S.K.: 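Supplied in C-alpha coordinates, the structure appears directly below.
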Amino acid sequence: KTRITQYIAEYLSEELNTEVSVQGVDIGFFNRLILEGLYVQDLKGDTLAYLNNLHLGVQRVNIEKNQVYLDKIRIDDLKFYLHKYEGDEKLSIQFLLDYFAAPKDTTSDEVWDIRSNALELRNASFQLRNHDAMQTNIGIDYKDLDVRKINLLVTQIRFDQDTIFGSVERLNCYESRGFFLKSFKGKAKVSPSELKVDNLSIQTIKSDLNLDLHYTYSGWEDYKTFVDSVRMDYMFDESVLNFKDVAFFAPALSGLNEILRVSGHVYGPVASLNARKLKLGYGNSTSLEGDIDIDGLPNVRETFLHLNLKRFTTRYSDLIKVPIPPFENGSHLTLPKNISNLGQVDFTGTFTGFVNDFVAFGKLQSAIGELKTDISIKQDEASNKLAYNGTLHSKNFHIGKFLEEERMGRVTLNAEVNGSGVSKEDINAVLIGNVQSVELVGYEYKNIEVNGEFARSMFSGEVSINDTNVALVFRGGFD
(Lines give C-alpha, C1' and ligand atoms only; values in the text may rest on other atoms or scores of the structure.)
Protein backbone atom coordinates (compact mmCIF):
# COMPACT_ATOMS: atom_id res chain seq x y z
CA LYS A 1 0.00 0.00 0.00
CA THR A 2 2.79 2.39 0.91
CA ARG A 3 4.65 1.68 -2.36
CA ILE A 4 1.50 2.22 -4.41
CA THR A 5 0.83 5.46 -2.54
CA GLN A 6 4.38 6.70 -3.08
CA TYR A 7 4.21 5.78 -6.74
CA ILE A 8 0.94 7.73 -7.21
CA ALA A 9 2.37 10.73 -5.34
CA GLU A 10 5.56 10.71 -7.42
CA TYR A 11 3.57 10.28 -10.63
CA LEU A 12 1.28 13.22 -9.78
CA SER A 13 4.27 15.35 -8.76
CA GLU A 14 5.83 14.79 -12.19
CA GLU A 15 2.57 15.22 -14.07
CA LEU A 16 1.60 18.40 -12.21
CA ASN A 17 5.13 19.78 -12.05
CA THR A 18 4.81 20.38 -8.32
CA GLU A 19 5.22 18.47 -5.05
CA VAL A 20 2.58 15.95 -3.98
CA SER A 21 3.22 13.71 -0.97
CA VAL A 22 1.33 11.28 1.25
CA GLN A 23 2.61 10.05 4.61
CA GLY A 24 0.40 6.97 4.82
CA VAL A 25 -2.62 5.13 3.45
CA ASP A 26 -4.84 2.30 4.64
CA ILE A 27 -7.40 0.49 2.49
CA GLY A 28 -9.78 -1.96 4.13
CA PHE A 29 -11.96 -4.49 2.26
CA PHE A 30 -12.45 -2.05 -0.63
CA ASN A 31 -15.00 -0.07 1.38
CA ARG A 32 -12.73 2.06 3.54
CA LEU A 33 -9.88 4.46 2.78
CA ILE A 34 -7.71 6.28 5.32
CA LEU A 35 -5.27 8.83 3.98
CA GLU A 36 -2.66 10.47 6.21
CA GLY A 37 -0.56 13.58 5.67
CA LEU A 38 -1.62 14.56 2.14
CA TYR A 39 0.36 17.61 0.96
CA VAL A 40 0.04 19.51 -2.33
CA GLN A 41 2.07 22.54 -3.43
CA ASP A 42 0.97 25.09 -6.00
CA LEU A 43 3.15 26.03 -8.98
CA LYS A 44 4.84 28.82 -6.99
CA GLY A 45 6.03 26.41 -4.33
CA ASP A 46 3.55 27.53 -1.66
CA THR A 47 1.19 25.17 0.16
CA LEU A 48 -2.06 24.64 -1.75
CA ALA A 49 -3.59 21.99 0.50
CA TYR A 50 -2.70 19.84 3.46
CA LEU A 51 -4.81 17.43 5.48
CA ASN A 52 -3.84 15.41 8.49
CA ASN A 53 -6.34 12.59 8.04
CA LEU A 54 -9.04 11.61 5.57
CA HIS A 55 -11.46 8.82 6.42
CA LEU A 56 -13.67 7.67 3.53
CA GLY A 57 -16.29 4.93 3.64
CA VAL A 58 -17.76 3.41 0.47
CA GLN A 59 -21.25 1.90 0.38
CA ARG A 60 -21.68 1.04 -3.28
CA VAL A 61 -20.12 1.80 -6.66
CA ASN A 62 -21.97 0.68 -9.79
CA ILE A 63 -20.34 1.84 -13.00
CA GLU A 64 -23.11 0.42 -15.21
CA LYS A 65 -25.77 2.42 -13.36
CA ASN A 66 -23.51 5.47 -12.89
CA GLN A 67 -23.88 5.23 -9.12
CA VAL A 68 -21.40 6.20 -6.40
CA TYR A 69 -22.77 5.92 -2.88
CA LEU A 70 -20.34 6.91 -0.12
CA ASP A 71 -20.62 6.54 3.61
CA LYS A 72 -19.23 9.29 5.85
CA ILE A 73 -16.26 11.36 4.69
CA ARG A 74 -14.22 12.85 7.54
CA ILE A 75 -11.31 15.23 7.04
CA ASP A 76 -9.14 16.37 9.96
CA ASP A 77 -7.01 19.54 10.03
CA LEU A 78 -7.52 20.54 6.42
CA LYS A 79 -5.57 23.63 5.36
CA PHE A 80 -6.52 25.07 1.99
CA TYR A 81 -4.69 28.13 0.70
CA LEU A 82 -5.67 29.90 -2.52
CA HIS A 83 -3.63 32.69 -4.10
CA LYS A 84 -4.12 34.97 -7.05
CA TYR A 85 -0.51 35.90 -7.58
CA GLU A 86 0.57 39.27 -8.90
CA GLY A 87 0.09 39.36 -12.66
CA ASP A 88 -1.87 36.08 -12.82
CA GLU A 89 -5.41 36.03 -14.13
CA LYS A 90 -6.49 32.83 -12.35
CA LEU A 91 -6.25 31.30 -8.90
CA SER A 92 -3.38 29.05 -7.88
CA ILE A 93 -5.60 25.96 -8.01
CA GLN A 94 -6.35 26.34 -11.71
CA PHE A 95 -3.59 23.94 -12.83
CA LEU A 96 -5.18 21.22 -10.70
CA LEU A 97 -8.67 21.89 -12.04
CA ASP A 98 -7.37 21.78 -15.60
CA TYR A 99 -5.56 18.48 -15.03
CA PHE A 100 -8.51 16.66 -13.50
CA ALA A 101 -11.19 18.27 -15.67
CA ALA A 102 -13.26 15.72 -17.53
CA PRO A 103 -12.76 15.83 -21.30
CA LYS A 104 -15.54 17.61 -23.09
CA ASP A 105 -17.86 15.14 -24.78
CA THR A 106 -20.83 16.79 -26.39
CA THR A 107 -22.27 13.42 -27.39
CA SER A 108 -22.53 12.07 -23.83
CA ASP A 109 -25.58 12.80 -21.72
CA GLU A 110 -24.74 10.46 -18.84
CA VAL A 111 -25.78 11.68 -15.42
CA TRP A 112 -24.06 10.21 -12.38
CA ASP A 113 -25.89 9.58 -9.14
CA ILE A 114 -23.39 10.60 -6.46
CA ARG A 115 -24.34 10.58 -2.80
CA SER A 116 -22.73 10.59 0.62
CA ASN A 117 -24.19 9.98 4.04
CA ALA A 118 -22.11 12.79 5.53
CA LEU A 119 -19.13 15.11 5.16
CA GLU A 120 -17.35 16.27 8.29
CA LEU A 121 -14.53 18.81 8.53
CA ARG A 122 -12.67 19.12 11.79
CA ASN A 123 -10.53 22.16 12.52
CA ALA A 124 -10.16 23.22 8.89
CA SER A 125 -8.63 26.48 7.65
CA PHE A 126 -9.17 28.41 4.43
CA GLN A 127 -7.24 31.37 3.04
CA LEU A 128 -7.73 33.38 -0.14
CA ARG A 129 -5.30 36.14 -1.06
CA ASN A 130 -5.35 38.37 -4.14
CA HIS A 131 -1.84 39.81 -4.40
CA ASP A 132 -2.93 42.42 -6.96
CA ALA A 133 -5.63 43.93 -4.75
CA MET A 134 -5.35 46.60 -2.09
CA GLN A 135 -6.11 45.24 1.37
CA THR A 136 -8.66 46.82 3.66
CA ASN A 137 -9.11 46.64 7.41
CA ILE A 138 -12.84 47.48 7.28
CA GLY A 139 -15.07 44.43 7.35
CA ILE A 140 -14.40 41.08 5.72
CA ASP A 141 -12.13 41.47 2.69
CA TYR A 142 -13.10 38.93 0.02
CA LYS A 143 -9.71 39.50 -1.61
CA ASP A 144 -7.90 38.58 1.61
CA LEU A 145 -9.92 35.94 3.44
CA ASP A 146 -8.59 34.04 6.43
CA VAL A 147 -11.17 31.64 7.90
CA ARG A 148 -10.04 29.40 10.74
CA LYS A 149 -11.39 26.72 13.10
CA ILE A 150 -13.92 25.54 10.53
CA ASN A 151 -16.02 22.69 11.88
CA LEU A 152 -18.64 21.39 9.47
CA LEU A 153 -21.06 18.48 9.35
CA VAL A 154 -23.29 18.02 6.29
CA THR A 155 -25.56 14.98 5.93
CA GLN A 156 -27.74 13.59 3.11
CA ILE A 157 -25.41 14.89 0.41
CA ARG A 158 -26.57 14.42 -3.17
CA PHE A 159 -25.24 15.67 -6.51
CA ASP A 160 -27.66 16.33 -9.37
CA GLN A 161 -25.55 17.51 -12.33
CA ASP A 162 -24.35 20.99 -11.26
CA THR A 163 -26.54 21.15 -8.14
CA ILE A 164 -25.60 19.99 -4.63
CA PHE A 165 -28.14 19.12 -1.94
CA GLY A 166 -27.36 18.59 1.73
CA SER A 167 -28.46 19.19 5.29
CA VAL A 168 -26.04 21.36 7.25
CA GLU A 169 -26.14 20.03 10.80
CA ARG A 170 -23.21 22.04 12.09
CA LEU A 171 -20.99 24.86 10.88
CA ASN A 172 -18.90 27.19 12.98
CA CYS A 173 -15.81 29.19 12.11
CA TYR A 174 -13.82 32.34 12.80
CA GLU A 175 -12.66 35.00 10.32
CA SER A 176 -9.45 36.79 11.25
CA ARG A 177 -11.05 40.26 11.16
CA GLY A 178 -13.25 39.37 14.09
CA PHE A 179 -16.36 37.68 12.73
CA PHE A 180 -17.29 34.54 14.70
CA LEU A 181 -19.99 32.20 13.40
CA LYS A 182 -21.19 30.18 16.39
CA SER A 183 -23.75 28.06 14.56
CA PHE A 184 -25.17 27.62 11.06
CA LYS A 185 -27.83 24.98 10.37
CA GLY A 186 -30.28 24.38 7.54
CA LYS A 187 -31.37 22.27 4.57
CA ALA A 188 -29.33 23.56 1.63
CA LYS A 189 -29.35 23.57 -2.16
CA VAL A 190 -26.43 25.12 -4.08
CA SER A 191 -26.08 25.60 -7.84
CA PRO A 192 -24.56 28.11 -10.31
CA SER A 193 -27.91 29.92 -10.37
CA GLU A 194 -29.27 29.72 -6.81
CA LEU A 195 -28.53 29.22 -3.15
CA LYS A 196 -31.44 28.01 -1.03
CA VAL A 197 -31.44 27.18 2.68
CA ASP A 198 -34.69 26.22 4.39
CA ASN A 199 -35.15 26.31 8.17
CA LEU A 200 -31.92 28.26 8.46
CA SER A 201 -30.61 29.06 11.92
CA ILE A 202 -27.62 31.42 12.27
CA GLN A 203 -26.03 32.38 15.56
CA THR A 204 -23.14 34.73 16.14
CA ILE A 205 -21.91 36.40 19.33
CA LYS A 206 -24.55 39.14 18.91
CA SER A 207 -27.19 37.87 16.45
CA ASP A 208 -29.72 35.03 16.41
CA LEU A 209 -31.50 34.58 13.05
CA ASN A 210 -34.24 32.14 12.06
CA LEU A 211 -35.36 32.23 8.43
CA ASP A 212 -35.72 30.67 5.01
CA LEU A 213 -33.06 32.02 2.63
CA HIS A 214 -33.08 32.02 -1.17
CA TYR A 215 -30.52 33.75 -3.43
CA THR A 216 -30.85 33.76 -7.23
CA TYR A 217 -28.22 34.95 -9.71
CA SER A 218 -26.99 34.44 -13.26
CA GLY A 219 -23.72 32.78 -12.24
CA TRP A 220 -20.99 32.76 -9.62
CA GLU A 221 -19.53 35.96 -11.06
CA ASP A 222 -22.59 37.85 -9.79
CA TYR A 223 -21.22 37.61 -6.24
CA LYS A 224 -18.51 40.10 -7.26
CA THR A 225 -21.29 42.68 -7.73
CA PHE A 226 -23.51 41.32 -4.97
CA VAL A 227 -25.29 44.61 -4.20
CA ASP A 228 -26.80 44.88 -7.67
CA SER A 229 -26.69 41.34 -9.09
CA VAL A 230 -27.82 38.87 -6.41
CA ARG A 231 -31.54 38.77 -5.64
CA MET A 232 -32.17 37.89 -2.02
CA ASP A 233 -35.32 36.44 -0.50
CA TYR A 234 -35.62 36.13 3.28
CA MET A 235 -38.61 34.86 5.26
CA PHE A 236 -37.76 35.83 8.82
CA ASP A 237 -39.23 34.22 11.88
CA GLU A 238 -38.61 36.17 15.10
CA SER A 239 -34.91 37.04 14.95
CA VAL A 240 -32.35 39.33 16.55
CA LEU A 241 -29.89 41.09 14.23
CA ASN A 242 -26.90 43.13 15.36
CA PHE A 243 -25.67 45.52 12.68
CA LYS A 244 -22.09 45.01 13.82
CA ASP A 245 -22.35 41.54 12.25
CA VAL A 246 -23.86 42.98 9.06
CA ALA A 247 -21.06 45.55 8.84
CA PHE A 248 -18.49 42.76 8.40
CA PHE A 249 -20.12 42.08 5.00
CA ALA A 250 -21.29 45.65 4.20
CA PRO A 251 -18.44 48.06 5.07
CA ALA A 252 -20.70 51.09 4.51
CA LEU A 253 -22.36 50.13 7.81
CA SER A 254 -19.08 49.99 9.71
CA GLY A 255 -19.43 51.63 13.11
CA LEU A 256 -22.98 50.41 13.74
CA ASN A 257 -23.61 48.34 16.85
CA GLU A 258 -27.41 48.53 16.97
CA ILE A 259 -29.69 45.59 17.75
CA LEU A 260 -32.82 45.08 15.65
CA ARG A 261 -35.61 42.59 16.31
CA VAL A 262 -37.09 41.47 12.99
CA SER A 263 -39.71 39.21 11.39
CA GLY A 264 -41.40 39.28 7.97
CA HIS A 265 -40.60 38.91 4.26
CA VAL A 266 -37.59 40.80 2.82
CA TYR A 267 -36.64 40.41 -0.84
CA GLY A 268 -34.76 41.98 -3.76
CA PRO A 269 -31.11 42.94 -4.36
CA VAL A 270 -29.42 45.13 -1.75
CA ALA A 271 -29.74 48.12 -4.10
CA SER A 272 -33.54 47.73 -4.32
CA LEU A 273 -34.96 46.03 -1.24
CA ASN A 274 -38.62 45.37 -0.45
CA ALA A 275 -40.26 44.18 2.76
CA ARG A 276 -43.80 42.96 3.36
CA LYS A 277 -45.56 42.23 6.66
CA LEU A 278 -42.39 43.46 8.30
CA LYS A 279 -42.13 43.78 12.08
CA LEU A 280 -39.14 45.58 13.60
CA GLY A 281 -38.21 46.35 17.17
CA TYR A 282 -35.52 48.77 18.34
CA GLY A 283 -34.40 50.12 21.68
CA ASN A 284 -36.78 50.07 24.63
CA SER A 285 -39.92 51.54 23.07
CA THR A 286 -39.67 51.49 19.27
CA SER A 287 -41.58 49.07 17.05
CA LEU A 288 -42.69 49.12 13.43
CA GLU A 289 -45.24 47.11 11.48
CA GLY A 290 -45.81 47.59 7.75
CA ASP A 291 -44.39 47.41 4.22
CA ILE A 292 -41.15 49.05 3.10
CA ASP A 293 -39.48 49.75 -0.27
CA ILE A 294 -35.85 50.93 -0.25
CA ASP A 295 -33.80 52.00 -3.29
CA GLY A 296 -30.18 53.15 -3.18
CA LEU A 297 -28.38 51.09 -0.54
CA PRO A 298 -25.67 50.86 0.63
CA ASN A 299 -25.38 54.68 0.29
CA VAL A 300 -27.69 55.60 3.17
CA ARG A 301 -27.83 59.34 2.46
CA GLU A 302 -28.94 58.77 -1.14
CA THR A 303 -31.37 55.96 -0.34
CA PHE A 304 -35.04 56.57 -1.25
CA LEU A 305 -37.61 55.15 1.14
CA HIS A 306 -41.31 54.40 0.97
CA LEU A 307 -42.73 53.22 4.28
CA ASN A 308 -46.36 52.17 4.50
CA LEU A 309 -46.78 51.87 8.24
CA LYS A 310 -49.57 49.95 9.85
CA ARG A 311 -48.13 51.14 13.13
CA PHE A 312 -44.98 52.91 14.23
CA THR A 313 -44.37 53.45 17.95
CA THR A 314 -41.42 55.27 19.47
CA ARG A 315 -40.14 57.71 22.09
CA TYR A 316 -37.67 60.57 22.09
CA SER A 317 -35.23 58.51 24.22
CA ASP A 318 -34.97 55.91 21.42
CA LEU A 319 -34.87 58.37 18.53
CA ILE A 320 -31.84 60.28 19.82
CA LYS A 321 -29.91 56.97 19.92
CA VAL A 322 -30.46 56.32 16.20
CA PRO A 323 -27.03 56.55 14.50
CA ILE A 324 -26.53 58.64 11.38
CA PRO A 325 -23.82 58.20 8.72
CA PRO A 326 -20.88 58.21 8.63
CA PHE A 327 -21.39 55.71 11.42
CA GLU A 328 -17.72 55.56 12.48
CA ASN A 329 -18.07 59.12 13.82
CA GLY A 330 -20.54 57.95 16.48
CA SER A 331 -23.05 60.65 15.54
CA HIS A 332 -26.72 60.24 16.41
CA LEU A 333 -30.00 61.79 15.35
CA THR A 334 -30.36 65.29 16.79
CA LEU A 335 -33.83 66.42 17.85
CA PRO A 336 -35.07 69.39 19.92
CA LYS A 337 -35.45 68.44 23.59
CA ASN A 338 -39.14 69.41 23.65
CA ILE A 339 -39.92 66.47 21.31
CA SER A 340 -39.70 64.40 24.49
CA ASN A 341 -42.89 66.11 25.70
CA LEU A 342 -44.83 64.04 23.17
CA GLY A 343 -44.22 60.95 25.31
CA GLN A 344 -44.93 57.71 23.48
CA VAL A 345 -45.81 58.39 19.84
CA ASP A 346 -47.99 56.09 17.70
CA PHE A 347 -48.02 56.86 13.97
CA THR A 348 -50.07 55.26 11.22
CA GLY A 349 -49.48 56.35 7.62
CA THR A 350 -46.65 56.71 5.11
CA PHE A 351 -43.15 58.15 4.93
CA THR A 352 -41.83 58.81 1.43
CA GLY A 353 -38.43 60.32 0.60
CA PHE A 354 -34.91 60.29 1.98
CA VAL A 355 -33.67 59.89 5.55
CA ASN A 356 -33.42 63.65 6.07
CA ASP A 357 -35.93 64.84 3.44
CA PHE A 358 -39.33 63.12 3.36
CA VAL A 359 -43.10 63.52 3.31
CA ALA A 360 -45.09 62.26 6.31
CA PHE A 361 -48.75 61.49 5.69
CA GLY A 362 -50.82 59.99 8.44
CA LYS A 363 -52.12 60.16 11.97
CA LEU A 364 -49.99 60.63 15.09
CA GLN A 365 -51.24 59.90 18.59
CA SER A 366 -49.16 61.22 21.49
CA ALA A 367 -49.41 61.72 25.23
CA ILE A 368 -50.44 65.35 24.66
CA GLY A 369 -52.92 64.98 21.78
CA GLU A 370 -53.49 63.98 18.18
CA LEU A 371 -52.00 65.27 14.92
CA LYS A 372 -52.80 64.46 11.30
CA THR A 373 -50.16 65.42 8.75
CA ASP A 374 -49.53 65.69 5.06
CA ILE A 375 -46.27 67.51 5.39
CA SER A 376 -42.79 67.65 3.89
CA ILE A 377 -40.01 67.56 6.48
CA LYS A 378 -36.36 68.30 5.80
CA GLN A 379 -33.43 68.50 8.21
CA ASP A 380 -30.77 71.10 7.50
CA GLU A 381 -27.39 69.35 7.81
CA ALA A 382 -25.57 72.49 8.96
CA SER A 383 -27.99 73.65 11.69
CA ASN A 384 -29.90 70.38 12.33
CA LYS A 385 -33.10 72.45 12.26
CA LEU A 386 -36.24 70.85 10.85
CA ALA A 387 -37.97 72.63 7.97
CA TYR A 388 -41.56 71.73 7.07
CA ASN A 389 -44.27 72.60 4.59
CA GLY A 390 -47.76 71.12 4.25
CA THR A 391 -51.08 70.63 6.02
CA LEU A 392 -51.50 70.03 9.73
CA HIS A 393 -54.62 68.98 11.63
CA SER A 394 -54.62 68.82 15.42
CA LYS A 395 -57.21 67.54 17.89
CA ASN A 396 -56.91 68.62 21.53
CA PHE A 397 -53.16 68.89 21.07
CA HIS A 398 -51.50 70.52 24.08
CA ILE A 399 -49.36 73.06 22.25
CA GLY A 400 -48.38 74.66 25.56
CA LYS A 401 -46.74 71.49 26.87
CA PHE A 402 -45.09 70.86 23.52
CA LEU A 403 -43.59 74.36 23.25
CA GLU A 404 -43.14 74.61 27.03
CA GLU A 405 -45.26 77.78 27.05
CA GLU A 406 -47.41 78.07 30.20
CA ARG A 407 -49.89 80.59 28.72
CA MET A 408 -51.03 78.15 26.05
CA GLY A 409 -53.12 74.98 26.38
CA ARG A 410 -54.82 72.61 23.95
CA VAL A 411 -55.55 73.51 20.33
CA THR A 412 -57.73 71.99 17.62
CA LEU A 413 -57.02 73.34 14.13
CA ASN A 414 -56.81 72.76 10.37
CA ALA A 415 -54.00 74.75 8.79
CA GLU A 416 -51.34 75.13 6.16
CA VAL A 417 -47.91 75.49 7.75
CA ASN A 418 -44.56 76.52 6.23
CA GLY A 419 -41.51 77.10 8.37
CA SER A 420 -38.70 75.69 10.45
CA GLY A 421 -37.93 74.89 14.07
CA VAL A 422 -40.14 73.14 16.62
CA SER A 423 -39.07 74.76 19.90
CA LYS A 424 -40.20 78.07 21.36
CA GLU A 425 -36.74 79.56 20.85
CA ASP A 426 -36.21 78.68 17.19
CA ILE A 427 -39.66 78.32 15.65
CA ASN A 428 -40.25 80.48 12.55
CA ALA A 429 -43.41 79.43 10.74
CA VAL A 430 -46.26 80.84 8.65
CA LEU A 431 -49.66 79.49 9.67
CA ILE A 432 -52.81 79.90 7.54
CA GLY A 433 -55.98 78.15 8.59
CA ASN A 434 -58.89 77.69 10.97
CA VAL A 435 -58.55 77.17 14.70
CA GLN A 436 -61.68 75.46 16.02
CA SER A 437 -60.53 75.98 19.61
CA VAL A 438 -57.47 77.10 21.54
CA GLU A 439 -56.74 77.64 25.22
CA LEU A 440 -54.95 80.92 25.96
CA VAL A 441 -54.25 82.32 29.43
CA GLY A 442 -56.84 80.04 31.00
CA TYR A 443 -59.64 80.77 28.54
CA GLU A 444 -60.84 78.73 25.55
CA TYR A 445 -61.39 80.68 22.31
CA LYS A 446 -63.25 79.19 19.34
CA ASN A 447 -63.75 79.81 15.61
CA ILE A 448 -60.52 81.66 14.82
CA GLU A 449 -59.09 82.35 11.37
CA VAL A 450 -55.31 82.81 11.37
CA ASN A 451 -52.96 84.13 8.69
CA GLY A 452 -49.61 85.08 10.13
CA GLU A 453 -46.11 84.22 11.25
CA PHE A 454 -44.83 82.80 14.53
CA ALA A 455 -41.22 83.61 15.40
CA ARG A 456 -39.48 83.43 18.78
CA SER A 457 -42.75 83.55 20.78
CA MET A 458 -44.00 86.47 18.68
CA PHE A 459 -46.95 86.49 16.26
CA SER A 460 -47.45 88.98 13.45
CA GLY A 461 -50.31 88.85 10.96
CA GLU A 462 -54.11 88.73 10.98
CA VAL A 463 -56.43 86.99 13.45
CA SER A 464 -60.22 86.89 13.06
CA ILE A 465 -62.20 85.61 16.09
CA ASN A 466 -65.90 84.69 15.99
CA ASP A 467 -66.36 83.36 19.53
CA THR A 468 -69.65 83.43 21.48
CA ASN A 469 -68.01 85.84 23.95
CA VAL A 470 -65.91 87.93 21.61
CA ALA A 471 -65.81 88.90 17.94
CA LEU A 472 -62.86 90.86 16.50
CA VAL A 473 -60.39 91.21 13.70
CA PHE A 474 -56.80 91.92 14.68
CA ARG A 475 -53.96 92.94 12.40
CA GLY A 476 -50.52 93.43 13.89
CA GLY A 477 -48.25 91.63 16.30
CA PHE A 478 -48.15 90.44 19.86
CA ASP A 479 -46.04 88.38 22.26
Side-chain angles (χ1 to χ4, degrees), residues 47 49-52 74-83 118-130 133 135-155 166-188 190 195-213 215 223 226-227 230 232 234 236-263 266 270 280-283 297-298 323 327-328 330:
T47 299
Y50 171 82
L51 60 85
N52 189 21
R74 195 189 87 203
I75 303 174
D76 298 335
D77 303 314
L78 171 66
K79 302 186 188 306
F80 195 58
Y81 303 138
L82 289 181
H83 295 268
L119 168 65
E120 182 177 17
L121 298 182
R122 296 182 180 182
N123 193 34
S125 299
F126 172 77
Q127 291 183 9
L128 171 63
R129 176 112 187 258
N130 185 338
Q135 296 185 25
T136 175
N137 292 321
I138 301 176
I140 290 178
D141 185 355
Y142 295 101
K143 300 176 292 297
D144 187 24
L145 279 174
D146 185 2
V147 187
R148 306 173 187 176
K149 298 181 179 179
I150 303 170
N151 293 284
L152 169 70
L153 175 62
V154 184
T155 62
S167 180
V168 182
E169 306 294 338
R170 179 179 67 247
L171 171 61
N172 52 68
C173 61
Y174 173 78
E175 211 284 331
S176 61
R177 283 175 171 77
F179 180 74
F180 177 44
L181 179 63
K182 290 176 61 178
S183 175
F184 182 106
K185 300 178 181 179
K187 199 170 184 65
V190 183
L195 167 63
K196 192 172 189 288
V197 187
D198 294 330
N199 301 318
L200 174 59
S201 171
I202 301 174
Q203 293 181 350
T204 69
I205 296 295
K206 298 179 179 291
S207 299
D208 187 353
L209 305 178
N210 301 283
L211 67 151
D212 291 331
L213 176 151
Y215 289 175
Y223 277 91
F226 187 95
V227 169
V230 177
M232 306 175 296
Y234 304 109
F236 284 99
D237 289 332
E238 292 186 4
S239 299
V240 176
L241 175 65
N242 189 300
F243 277 97
K244 186 172 183 178
D245 289 330
V246 181
F248 279 107
F249 304 93
L253 302 180
S254 182
L256 282 179
N257 194 20
E258 307 303 301
I259 295 175
L260 199 65
R261 302 175 294 279
V262 58
S263 66
V266 180
V270 173
L280 300 177
Y282 172 79
L297 288 175
F327 301 114
E328 290 111 327

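Keep in mind it's a predicted model, so treat the numbers as computed, not measured.
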S.K.: A side-chain contact here means heavy atoms from C-beta on lying under 4.5 Å apart; do Ile140 and Leu145 qualify?
M.R.: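 They are in side-chain contact.
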S.K.: When rounded to the nearest 0.5 angstrom, what is the spacing between CD1 in Ile202 and CG in Leu211?
M.R.: 6.0 Å
S.K.: With heavy-atom distances below 4.5 Å as the criterion, would you say the side chains of Asp212 and Asn199 are in contact?
M.R.: yes
S.K.: Minimum heavy-atom separation for Leu256 to Pro323, with atom names?
M.R.: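 That closest heavy-atom pairing would be CD2-CG, 3.2 Å.
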S.K.: What's the separation between atom CD in Glu258 and atom OH in Tyr282, rounded to the nearest 0.5 Å?
M.R.: 4.0 Å
S.K.: As an exercise, state the distance from OG1 of Thr155 to CD of Glu169, rounded to the nearest 0.5 Å.
M.R.: 4.0 Å
S.K.: Which heavy atom of Arg261 sits nearest a heavy atom of Gly283, and at what distance?
M.R.: NH2-O, 3.4 Å
S.K.: CG/Asn151 to OH/Tyr174 distance, rounded to the nearest 0.5 angstrom?
M.R.: 15.0 Å
S.K.: When rounded to the nearest 0.5 angstrom, what distance separates CG in Leu200 from OH in Tyr234?
M.R.: 9.5 Å
S.K.: Quick check: do Arg170 and Leu152 have side-chain heavy atoms less than 4.5 Å from each other?
M.R.: no
S.K.: For the pair Ser183 and Asn172, evaluate side-chain contact (heavy atoms from CB on, under 4.5 Å) and give the outcome as yes or no after the intermediate values.
M.R.: CA-CA 5 Å; Ser183 175; Asn172 52 68; 6.0 Å; no
S.K.: Where is the tightest heavy-atom contact between Leu241 and Val246, given as atom of each residue plus distance?
M.R.: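 Taking every non-hydrogen atom into account, CD1-CG2, 3.5 Å.
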S.K.: Would you be so kind as to tabulate the donor-acceptor pairs closer than 3.5 Å made by side chains of residues 121-129, with sequence neighbours excluded?
M.R.:
residue	atom	partner	partner atom	Å
Arg122	NE	Glu120	OE2	3.4
Asn123	ND2	Asp77	OD1	3.1

S.K.: Does Lys185 reach the side chain of Val168, with side-chain heavy atoms less than 4.5 Å apart?
M.R.: no
S.K.: Could you measure the distance from the CG atom of Asn242 to the CD1 atom of Ile205? Nearest 0.5 Å is fine.
M.R.: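 Output value for this atom pair is 11.0 Å.
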S.K.: Side-chain contact, heavy-atom cut-off 4.5 Å: Thr204 with Lys244?
M.R.: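 Not touching, per the 4.5 Å side-chain cut-off.
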S.K.: So which heavy atom on Leu153 is nearest to which on Ala118, and how close?
M.R.: CD1-CB, 4.2 Å
S.K.: As a quick check of understanding, evaluate side-chain contact (heavy atoms from CB on, under 4.5 Å) for Leu297 and Val227, giving each step before the final call.
M.R.: CA-CA 8 Å; Leu297 288 175; Val227 169; over 6 Å; no
S.K.: Kindly give the heavy-atom pair with the smallest separation between Phe226 and Val270, and that separation in Å.
M.R.: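 Looking at all heavy atoms of both residues, the shortest contact is CE2-CG2, 4.0 Å.
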S.K.: Describe, in one word, how the ring planes of Tyr215 and Tyr223 are oriented to each other, choosing from parallel (under 30°), tilted (30 to 60°) and perpendicular (over 60°).
M.R.: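 Judged by the thresholds at 30° and 60°, the geometry between Tyr215 and Tyr223 is tilted.
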S.K.: What are the two closest heavy atoms between Cys173 and Ile150, and how far apart are they?
M.R.: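 Taking every non-hydrogen atom into account, CB-CG1, 3.9 Å.
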S.K.: For Glu328, does the CD atom sit with more than 12 other heavy atoms under 6.0 Å from it, leaving out its own atoms?
M.R.: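 Count over threshold, so yes.
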S.K.: Quick one: sort the Phe249 and Phe179 rings into parallel, tilted or perpendicular, breaks at 30° and 60°.
M.R.: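 Rings of Phe249 and Phe179: perpendicular, over 60°.
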